[in-house]
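Everything on this sheet refers to the single structure shown next.
The chains referred to below are lettered A, B, ... by the order of the sequence lines, with proteins before strands, and numbering in each begins at 1.
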Amino acid sequence: MSKGASITRIRGMNDLLPQDTCVWQRVEAAAREVFLRYAYQEIRTPIMERTELFARGIGETTDIVEKEMYTFDDRDGTSLTLRPEGTAGVARAYIENGLHVSDPRARLWYAGPMFRHENVQAGRFRQFHQIGAEAFGMDHPAVDAEMCAMLLDLFASLGLKNLELQINSLGDAEDRRNYRSVLVSYFSGQENRLCENCQRRLKTNPLRVLDCKVEGCSAIARGAPHTFDHLGEQARAHFEGLRECLDAMGIRENAGEVPVPGTFRINPRIVRGLDYYVRTAFEVTAFTGVGSQNAVAGGGRYDQLIAQLGGHPTPAIGFAIGEDRLVSVLNSEQTMEFPGPDFFVVAFGAAGGAGALRLVSELRSAGFDVDLDHRFGSPKSQFKQANKSGAPFAIILGDGELQSGMAAIKPLMTLEKLQAGGVDTELVSRLLDRSKEQPEPFLATENLDGAGVPLLLDPSGQFSVGRDWLIRFCSRLFAG
RNA sequence: GUGGGUGUAGCUCAGUUGGUUAGAGCACCAGGUUGUGACCCUGGGGGCCGUGGGUUCAAGUCCCAUCACUCACCCCA
């Protein structure tokens with residue numbers, strides 16, 4: 001520790017350490033793969049936009065715009081804002097780049113950090129990460145259904161079980177207004193029995209009362225008028241269409257108590273917070289792994305937004321996944337082993353330094369992941385590093401190996417672990433010592449069986465690896 | 001913006017009614033043992049006890065303030 005006060009990260013913005021990033025990479029790779037299957041293309045937009053974009057797009061009176069944005073003036077006085085969500089920027093890019101001209105349809109996905117100045121708690125940060133998708137130019141419910149399917153596919157490909165997709169229809173803008181006033185008059189009759197929060201919600205966002213966790217409120221909410229009874233003709237048809245399309249894709253409704261992976265539940269109490277949503281709204285809820293912030297993804301249709309932002313009227317729908325929350329659910333369900341390199345080169349004596357690098361670079365150019373300890377300390381310390389690296393094999397270069405012209409290959413794991421890593425175990429068991437229960441260390445040089453790495457000595461006394469042989473050998477080791 | 005909890009080693013935590021030089025486990029480094037790494041043995045590095053003030057002969061411990069972290073409300077991903 002140095003003397004001065006140490007500089008810390010700023011509240012709500014977290015470091016993702018190497019043990020974290022391997023999980024994040026897995027999530028992002030899965031997302032990329034699934035989105036590609038649905039013919040979505042990646043878009044990257046700036047992390048900052050003019051404040052006006054969010055004020056107009058998200059809604060002036062939402063919490064996000066009113067009190068959660070990181071807003072500041074650029075040097076010329078322009079008001080800029082760190083993006084609090086992804087849709088507005090993508091919509092802006094769609095309009096600004098005239099993506100509708102060549103093809104009004106656009107299916108896009110994005111991933112990246114978002115910023116909201118909120119109080120932090122489990123599952124809520126000031127810099128958080130979303131993976132989102134947007135589909136422009138299509139108002140058919142088939143698109144809504146595909147969005148849902150895409151989410152379910154992603155969760156399935158990650159092996160997640162404790163999540164549930166819930167869908168609802170908010171109706172068109174007019175239906176929403178009507179339903180809102182019906183709700184207000186229903187709740188107003190029993191206003192004094194609602195909790196303090198809900199009495200306030202009644203004025204600001206009455207739909208939220210339906211969602212209240214307080215016992216008394218939810219009891220009253222159960223008797224409240226149903227959204228579906230207040231859908232207009234078109235919104236109702238759209239929602240029916242969505243259900244048909246889901247059914248056509250084999251995605252079933254789950255009306256039972258217990259969540260079932262790969263199904264959806266109709267939940268009339270799903271309410272989206274942002275102003276622009278109409279018709280389809282959906283949300284993915286987690287049962288484990290996140291604190292009380294259990295919404296892992298949310299989305300819906302926003303057919304008016306593009307026009308509101310100055311584009312041609314264009315229907316659109318999208319969702320955003322809270323990547324931080326998704327990762328935390330994933331971590332609660334399964335543990336991931338950090339993938340190690342294929343080989344760890346242990347070199348000592350005359351073989352340290354440049355000699356080791358020669359072997360390492362041969363291996364790397366043959367396409368293997370290789371690590372070594374550049375301090376070239378004692379064999380013991382290098383083997384400790386090798387063990388920790390997670391590499392299944394060590395390749396050993398010492399004075400003896402240089403003399404014999406063969407580097408040793410030594411397994412660092414039990415046979416079972418090697419098997420689990422997809423290594424050709426028939427070959428390995430020949431390499432390993434007799435006992436299978438308790439695989440012991442051994443030196444390939446003692447038991448060659450063609451298993452050492454041949455080293456070719458050049459006239460200057462330097463060695464190089466028998467590369468063709470090595471590739472053949474290694475590709476057998478790592479078959480499949 | 002509002003409420004609760006917690007601050008002692010890199011991590012998880014002990015630390016008595018205030019009383020020598022603040023401890024353990026894990027991790028890290030070195031040495032020993034070993035079939036060159038794992039198990040075991042020995043040793044080592046690493047602490048402004050969150051920070052500032054107060055009480056006292058004496059504060060990690062008691063009092064006040066402050067900061068940070070954390071969980072929850074609101075709201076959202």
Report task. Step through it carefully: locate the ring centre of A:Trp109, locate the ring centre of A:Tyr40, and say whether they are under 6.0 Å apart. Result ->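 Distance test on ring centres: not under 6.0 Å, no.
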Nearest-angstrom distance, [atom1] atom, [N] to [M]:
{"N": "B:rU56", "M": "B:rC71", "atom1": "C1'", "result": "37 Å"}
{"N": "B:rG7", "M": "B:rG15", "atom1": "C1'", "result": "15 Å"}
{"N": "B:rU21", "M": "B:rG4", "atom1": "P", "result": "39 Å"}
{"N": "B:rG10", "M": "B:rG45", "atom1": "C1'", "result": "13 Å"}
{"N": "B:rU6", "M": "B:rG53", "atom1": "P", "result": "25 Å"}
{"N": "B:rG32", "M": "B:rA14", "atom1": "C1'", "result": "31 Å"}
{"N": "B:rG43", "M": "B:rU61", "atom1": "C1'", "result": "32 Å"}
{"N": "B:rU17", "M": "B:rU12", "atom1": "P", "result": "26 Å"}

Query raised in the report: Is there a residue in residues 324-332 of chain A whose heavy atoms reach under 4.0 Å of RNA chain B, and which residues are they?
Result: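 Within residues 324-332 of chain A, the residues near RNA chain B are A:Arg325.
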**Report entry** Selection: residues 289-300 of chain A, any non-hydrogen atom under 4.0 Å of RNA chain B
**Finding:**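 By residue number: A:Gly291, A:Ser292, A:Gln293, A:Ala295, A:Val296, A:Ala297, A:Gly298.
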Query raised in the report: Between A:Arg200 and A:Gln382, which is nearer to the 5' end of RNA chain B once each is assigned its nearest nucleotide?
Result: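 The 5'-side residue here is A:Gln382.
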Requested in this report: For A:Lys380 and for A:Glu323, find the nucleotide of RNA chain B with the closest heavy atom, then tell me which residue's nucleotide is more 5'.
Outcome: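 Result: A:Lys380.
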Query raised in the report: When the ring planes of A:Phe319 and A:Phe35 are compared, do they come out parallel, tilted or perpendicular, using 30° and 60° as the limits?
Result: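 A:Phe319 vs A:Phe35 ring planes: tilted.
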Query raised in the report: Relative to each other, are the rings of A:Phe115 and A:Tyr70 parallel, tilted or perpendicular (30° and 60° limits)?
Result: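 Taking A:Tyr70 first and then A:Phe115, their aromatic rings stand perpendicular (interplane angle over 60°).
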Go through [options] for me and flag the one nearest to the [X] side chain.
{"X": "A:Lys388", "options": "B:rC28, B:rG37, B:rU70", "value": "B:rC28"}
{"X": "A:Leu412", "options": "B:rC73, B:rC75, B:rG37", "value": "B:rG37"}
{"X": "A:Phe383", "options": "B:rA77, B:rU36, B:rG31", "value": "B:rU36"}
{"X": "A:Val120", "options": "B:rU70, B:rU2, B:rG31", "value": "B:rU70"}

Query raised in the report: Below 3.5 Å, does any donor atom in the side chain of A:Arg11 face an acceptor in the base of B:rA68, or the other way round?
Result: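 When only heavy-atom distances are counted, A:Arg11 does not reach the base of B:rA68 through any donor-acceptor pair under 3.5 Å.
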Query - Stems formed with participation of RNA chain B [Watson-Crick or G-U wobble, under 3.5 Å, three or more pairs] - result: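 As far as RNA chain B goes, consecutive pairing (with distances under 3.5 Å) yields the stems B:1-7 with B:67-73, B:10-13 with B:23-26, B:28-32 with B:40-44, B:50-54 with B:62-66.
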Query raised in the report: Touch check for A:Arg375, heavy atoms < 4.0 angstrom, all strands: base, sugar-phosphate only, or nothing?
Result: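 A:Arg375: no heavy atom of the nucleic acid under 4.0 Å.
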Query raised in the report: Taking atom types as modelled, is there a side-chain donor on A:Arg9 or A:Asn14 under 3.5 Å from an acceptor on the other?
Result: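 Result is yes, a qualifying pair exists.
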Query - Any side-chain donor near an acceptor of the partner, A:Asp371 and A:Ser389, under 3.5 Å - result: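 No, no side-chain donor-acceptor contact under 3.5 Å.
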